[in-house]
Amino acid sequence: VPRDPAPEGSAPGDRAPEGRPGVADELAELDKRAIIHPHTTIGAPDEPVIFDRGEGAVLWDVRGESYLDGTCGLWQCPVGHGRPELAEAAAEQIRRLEFYSSFGDYSNEPSIRLAERLLRLAPPGLEKVFFTNGGSEGNETAIKLARLAHHHAGHPERTVILARTGGYHGMAGGSLAATGIDRLREGFGPLLPDVEFLGKPHALHHDTDALVAELEQRIAELGADRIAAFIGEPVLGVGGMVPPPPDYWPRVQEVLRRNDILLVLDEIVTAFGRVGHWFAAEHYGIEPDMVVTAKGLTSGYIPMGAVLVGRRVLDLVDGAWFPHGFTYNGHPVGAAVALANLDILEREDLPRRAKAVGARIMDGLAPLAELDHVREVRGVGLMLGIELDRDAAGVQSGARADGLIVRAAGNNIVISPPLVITDEQADTLVRLVCKHVAAVGN
Ligand code: PLP
């Protein structure tokens, strides 16, 4: 099917890589035979799109087709694809010291420098860093640490974790237990106990008064003295790109503080510029007790995450032993890449760029709200979503046939390109999204 013209700026002249049609069919066949892809059917795999190269907001597959990356993969790539300095940072560190464990009293220079730098960038009150390999592990860490902190403070009965319907915190034991999306939880038997769900914080359906009243009522029902922490994403990501009402977070924080409940902010998607600030906590004016990051920390060039831990948690733990860790925590190669990635984010002022280009895309998409089958067009920075009154899968497949990657999450369309997307590419994204949203209305 001929594409409706290839995304502008997606085939930058002579730098457009050639396809490798000779291997494309063989790889597709092998992939289907050998790989169980995350979040897909095990028995009957789809035809894979096999990516081969990337540059900025553009990817090419092995057949040589170009794609404008309208979701930044899984939000992991704020600095865009194909940055040579990140490859160099990794190679240099591997040549010097590829890895040694950070357990106990062993350490390495890149992770020390990264921890110090993260704490300088982070919202006030965060004082220490626990490194991880990714987001789920970060949330496992935060949940365990919240419970352990209360345990050591003489309140072992404070085990309940408050989470929200529509929230996504990962696929491991505790992080899945705190994920409020039923289809992801079914079939696995009992999950981590003592996780309680509140309603989805969606400004379209609830105002802050109602959401805060619900929180207060649940705390009263459960008993504050049983609750360890509240975990939430500043803006729901997998749950449909849903920002809460603007005053939601400060008011939630006030209720939690009053009840000695720790606030764990899952900034795995939002940290490192996506909402126009280094951290969404700044955007919403809050000071969480723990901030969990991953993805944008290394722009996904290598897996790494970091849990930033605040003073209140440290005071509760009071120097106790933390029996927790994964082999590759504090990986020097990940930390070296993260440092180089932060250099790019700073040098190119990408948080500010996210705000500007996010506003441009939002302006372009706003007229869609007039269509009968569109319920809402919404977003903060470069976290944008469109909610339909029907399944959005047709928008995802139609856009992809035109060379644009956006993701359908139920009735929602997820739009979150790399922060380096150019204005021309942003305009192409808008044009193609508008075309395919309109098409599914017929
Ligand atoms: N938390 C949020 C908000 C996420 O979006 C994700 C992944 O998309 C995770 C946690 C899980 O991170 P990971 O897939 O790196 O384990």
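Note that the coordinates shown come from a computational prediction; the quantities given were computed from them, not determined experimentally. Atoms within each ligand, like the ligands themselves, are counted from 1 in listed order.
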Requested in this report: State which residue, out of Asn341, Val333, Asn133, fulfils the side-chain contact (heavy atoms from CB on, under 4.5 Å) condition with Ile302.
Outcome: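 Testing each of Asn341, Val333, Asn133 against Ile302, the sole residue satisfying side-chain contact (heavy atoms from CB on, under 4.5 Å) is Val333.
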Query raised in the report: Checking salt bridge (Lys or Arg N to Asp or Glu O under 4.0 Å) for the pair Asp343/Arg83: CA distance, chi angles, key distance, verdict?
Result: CA-CA 12 Å; Asp343 286 344; Arg83 294 284 194 152; over 6 Å; no
Report task. Please assess Glu55 against His81 for the test side chain to side chain contact (heavy atoms under 4.5 Å, CB included), listing each intermediate value before the final yes or no. Result -> CA-CA 5 Å; Glu55 191 178 308; His81 304 283; 5.6 Å; no
Query raised in the report: Can the ring centroids of Tyr248 and Tyr284 be said to lie less than 6.0 angstrom from one another?
Result: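 No, the ring of Tyr248 stays outside the 6.0 Å limit from the ring of Tyr284, centre to centre.
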**Report entry** Presence of salt bridge, Arg360 and Asp427, under 4.0 angstrom
**Finding:**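 Answer for the salt bridge query: yes.
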Report task. Using a strict cut-off of under 4.0 Å between a residue heavy atom and any atom of ligand 1, list the qualifying protein residues by chain and number. Result ->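 Residues within 4.0 Å of ligand 1: Trp75, Gly134, Gly135, Ser136, Asn139, Tyr168, His169, Gly170, Glu233, Asp266, Ile268, Val269, Lys295.
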Query - Gln425 side chain to Thr428 side chain, donor-acceptor N/O pair below 3.5 angstrom - result: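 The answer is no; no qualifying pair exists.
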